[in-house]
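Keep in mind it's a predicted model, so treat the numbers as computed, not measured. Order of the sequence lines fixes the chain letters, A, B, ..., with proteins taken first and strands second; residue numbering starts at 1 for each chain.
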There are 2 protein chains.
Amino acid sequence: MTSPKPTGTGKAKARLSRDIVLAKALEMVDAEGLEALTMRRLGQELGRDPMSLYRYAENRAALLDGVSELVLDQLTIQQDDPDWKAQLRAIAHNLRTLALQHPNVVPLLVTRPLSTPLGLRPLGTLRPLEKILSLLVSAGFDPSDALHVYRVYYGFLYGHILNELQEFVVDPEENEVLLRLGLHRLPAKEFPNLRALAPALADYDGASELDQGLTILLSGLEAQLSRQAAAALG
Amino acid sequence: MTSPKPTGTGKAKARLSRDIVLAKALEMVDAEGLEALTMRRLGQELGRDPMSLYRYAENRAALLDGVSELVLDQLTIQQDDPDWKAQLRAIAHNLRTLALQHPNVVPLLVTRPLSTPLGLRPLGTLRPLEKILSLLVSAGFDPSDALHVYRVYYGFLYGHILNELQEFVVDPEENEVLLRLGLHRLPAKEFPNLRALAPALADYDGASELDQGLTILLSGLEAQLSRQAAAALG
DNA sequence: CAACGCCTGTCTACACTGTAGACTTTACCC
DNA sequence: GGGTAAAGTCTACAGTGTAGACAGGCGTTG
């Protein structure tokens with residue numbers, strides 16, 4: 001696609017492209033968090049004037065949307081998988097892994113849609129929705145039920161991810177100590193339960209917790225599907 | 001508590017207090033969104049120098065935490081309700097209502113905990129967690145199960161709220177039109193399902209959807225509780 | 001080959017942000 | 001009154017997003 005014929009010193013001369021800009025942006029967000037991603041610093045990181053970035057994203061918000069898309073693009077969805085339950089399970093674990101790999105992007109994934117009407121969102125962020133709908137429809141749900149199923153599924157999934165990330169602390173060494181220390185700060189008589197749970201909070205197996213939830217959810221959904229099939233026959 | 005003896009012109013002279021500052025901050029966030037809340041504008045709104053705010057919040061982030069607390073304080077939780085399922089249901093509807101009343105605060109509720117270790121969060125944001133744990137423990141769950149139940153419950157709840165808020169558009173008049181228009185923008189062959197669902201998307205009954213989900217969830221949780229009670233006896 | 005036009009990148013400038021530090025004013029207590 | 005601590009203000013600084021005018025190099029076309 002973009003073969004800019006790297007003339008000259010090679011490094012500093014390569015032409016920019018949207019992909020290059022977004023990739024670097026994601027890299028910075030992963031490394032230093034959302035707030036560290038300023039137009040000026042991104043420009044500096046790319047060896048370009050900050051203003052050049054505006055050729056590839058209308059403004060900072062749009063650039064952040066691009067980062068969201070970049071991450072969500074890595075979510076592979078087999079929309080014609082005949083085993084829809086297995087597929088939903090796989091997608092969930094996929095997204096969870098993505099979230100753990102890019103924790104600083106999660107606020108973006110969760111927050112940006114709140115301030116953008118559905119139809120105006122970046123296409124990359126709508127594609128998962130579309131594909132899951134398609135998966136569910138080919139599994140036998142009628143379209144409007146597919147939407148309901150999608151909602152409970154994605155709601156559950158995002159809820160889990162937020163929960164897990166909240167309890168996720170960066171440095172696994174100091175984890176337990178810091179946690180206890182933090183909890184120790186809490187007034188003993190107002191937070192007895194929370195304080196007592198320190199050890200339980202320390203070993204949280206996100207993957208298995210997600211999986212258990214999925215099992216319950218999916219069996220519930222399957223029941224709905226077969227109920228619906230029965231109604232269609234009767 | 002704060003009776004500052006309003007001398008002089010009455011309005012501009014009243015002494016500030018944390019509550020006054022936070023209340024005004026929330027008001028501004030509700031009216032104009034998070035980004036509109038700058039220290040300077042908040043100071044101006046209060047008729048004070050922006051710098052005076054730093055007597056009541058260490059910095060802007062802390063001020064936003066205060067706003068979160070202010071909202072969550074309005075969530076009433078009866079931690080000794082004998083009917084724990086009804087209580088969880090009530091809390092869920094309560095929080096949903098709060099979220100709809102203060103949609104601009106939701107990103108805060110969801111995002112701030114991601115960057116603050118649990119033990120260091122504002123107490124006001126931990127109180128609901130503590131109270132729900134207490135509710136569950138008195139309902140018969142043993143503490144570590146209570147934590148698991150809390151996670152699935154709160155995860156589901158936040159997931160639902162995010163979902164609902166995503167599809168919530170401000171102007172109810174232009175809603176449908178804008179929505180269709182927005183969706184119409186989507187490439188027809190890449191988003192057939194999504195486009196077809198425009199009408200279904202338009203009438204979304206969040207409360208009943210939440211309630212249905214809760215019914216499923218709570219019955220699942222109750223099953224777990226009685227299974228556990230049986231195990232304890234046997 | 002030359003000239004054109006477009007696209008990329010740069011420069012300058014502006015209005016605005018959070019907040020550190022020193023200062024002044026106010027309120028209250030003895 | 002006098003003294004003390006808090007509340008509020010002023011000034012200043014480093015940093016932000018981005019509008020608008022401009023420069024350079026590329027590919028296309030005559």
message: Within the 4.0 Å heavy-atom criterion, would you say Ser52(B) contacts the bases, only the backbone, or no part of the nucleic acid?
response: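 The answer is base, as Ser52(B) lies within the cut-off (heavy atoms under 4.0 Å) of a base atom.
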
query: Which part of the nucleic acid, if any, lies within reach of Arg60(B) when heavy atoms closer than 4.0 Å are counted: base, sugar-phosphate only, or nothing?
result: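 Sugar-phosphate contact only.
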
Nearest-Å distance, [atom1] ([X]) to [atom2] ([N])?
X	N	atom1	atom2	result
Leu16(B)	dT9(D)	CG	P	8 Å
Gln44(B)	dC16(C)	CD	P	11 Å
Met51(A)	dA13(C)	CE	C1'	10 Å
Tyr54(A)	dG20(D)	OH	P	13 Å
Arg48(A)	dG25(D)	CZ	P	14 Å
Met39(B)	dG15(D)	CE	C1'	16 Å
Leu37(B)	dT19(C)	CG	P	12 Å
Leu53(A)	dG17(D)	CG	P	10 Å

message: Using a 3.5 Å distance criterion without hydrogens, assess whether the side chain of Glu130(B) forms a donor-acceptor pair with backbone atoms of Leu194(A).
response: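 A pair under 3.5 Å: yes.
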
query: Any donor-acceptor pair under 3.5 Å between the side chain of Arg40(A) and the base of dG17(D)?
result: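 Answer yes: a donor N or O sits under 3.5 Å from an acceptor.
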
Minimum-distance nucleotide to Asp49(A) side chain [options: dT10(C), dG17(D), dT9(D)]: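 That would be dT10(C).
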
- request: Classify the ring geometry between Tyr158(B) and Tyr154(B) as parallel (under 30°), tilted (30 to 60°) or perpendicular (over 60°).
  value: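 Judged by the thresholds at 30° and 60°, the geometry between Tyr158(B) and Tyr154(B) is tilted.
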
message: Is it true that Glu209(B) and His160(B) share a donor-acceptor pair across their side chains at a distance under 3.5 Å?
response: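 Result is no, nothing qualifies.
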
field: Distance in Å, Ser52(B) OG paired with Met39(B) CE, rounded so as to fall on 0.5 Å steps
entry: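 So the gap between those two atoms works out to 9.0 Å.
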
task: Look at the side-chain N and O atoms of Tyr56(B) and state whether any lies under 4.0 Å from the OP1 or OP2 oxygen of dG8(D).
output: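 For dG8(D), OP1 or OP2 has a side-chain N or O of Tyr56(B) closer than 4.0 Å.
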
task: Salt-bridge test for Arg127(B) and Glu69(B): reply yes if a basic N is under 4.0 Å from a carboxylate O, no otherwise.
output: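 So Arg127(B) does not pair with Glu69(B) through a salt bridge.
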
message: Can you work out whether Ala36(A) or Arg55(A) has the more 5'-proximal nearest nucleotide on DNA chain D?
response: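 Taking each residue's closest nucleotide, the earlier one in sequence belongs to Ala36(A).
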
